[in-house]
Amino acid sequence: MSVRDFFEVNGGRELCERFAPNLLKYPLKLFYKKSCGEIFDLVVNTGIVPEKNAASIQAAVEAK
C-alpha cells in the first residue's frame with residue numbers, strides 16, 4: 001500500500017493523530033509514492049515514532 005492510499009483512502013491520518021502526532025509535522029506528501037512498509041521502517045529506525053508505539057500502529061493498520 002502506498003503512503004498516499006494509506007492517508008487519503010484508509011484513514012491513516014486519524015491513526016497518526018492518535019498514535020504518532022509528531023509524524024504529522026513532516027511534509028508527508030513527499031512520501032506519497034513510497035510504500036508504507038518502507039516509510040514505517042524509516043520513521044521507527046530514526047526515532048520519529050517510538051518503538052513502543054510502532055506495534056500499536058502496526059496492529060491498527062492491519063485491522064483496517
Side-chain angles (χ1 to χ4, degrees):
M1 172 186 321
S2 71
V3 173
R4 180 189 174 280
D5 290 340
F6 175 68
F7 277 98
E8 294 186 3
V9 178
N10 295 323
R13 181 161 295 280
E14 292 81 21
L15 289 175
C16 280
E17 287 173 353
R18 192 165 92 202
F19 293 111
N22 57 337
L23 185 62
L24 295 175
K25 68 181 178 182
Y26 294 96
L28 298 174
K29 288 190 177 190
L30 295 175
F31 302 105
Y32 269 20
K33 292 184 179 180
K34 301 222 180 243
S35 73
C36 284
E38 212 176 345
I39 299 303
F40 188 78
D41 291 339
L42 176 71
V43 297
V44 172
N45 291 335
T46 57
I48 295 171
V49 174
E51 286 189 38
K52 64 179 184 169
N53 291 354
S56 301
I57 295 168
Q58 188 173 8
V61 168
E62 290 173 357
K64 282 196 168 239

Output, in order, the C-alpha distance, side-chain angles, deciding distance and verdict of side chain to side chain contact (heavy atoms under 4.5 Å, CB included) for Phe19 and Val49.
CA-CA 9 Å; Phe19 293 111; Val49 174; over 6 Å; no
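Asp5 contributes no side-chain N or O that, together with a main-chain N or O of Asn10, makes up a donor-acceptor pair within less than 3.5 Å.
Pairing each heavy atom of Gly11 with each of Glu14, the nearest pair is O-OE1, 2.8 Å. Between Val3 and Leu28, the closest heavy-atom pair is CG1-O, 4.5 Å. Closest non-hydrogen pair, Tyr32 versus Ser2, comes out as O-CB, 3.6 Å.
Here the CG atom belonging to Asn22 is positioned 9.0 Å from the SG atom belonging to Cys16, to the nearest 0.5 angstrom. From Lys29, atom NZ reaches atom CZ of Phe7 across 11.5 Å, with rounding to the nearest 0.5 Å. Within the model, atoms CG of Asn45 and CD of Glu51 stand 7.5 Å from one another, a figure rounded to the nearest 0.5 Å. Rounding to the nearest 0.5 angstrom, the gap separating the CD1 atom in Ile39 from the OH atom in Tyr26 is 13.0 Å.
Note: the hydrophobic cluster containing Leu23 does not contain Val9 (ILVMFWY, side chain heavy atoms under 4.5 Å, direct or indirect links).
Take Arg4 and apply the salt bridge (charged side-chain N to carboxylate O under 4.0 Å, His left out) test, not counting sequence neighbours, and it matches Glu8.
Ile57 has its side chain out of reach of Leu15: every pair of non-hydrogen atoms, C-beta onward, lies at least 4.5 Å apart.
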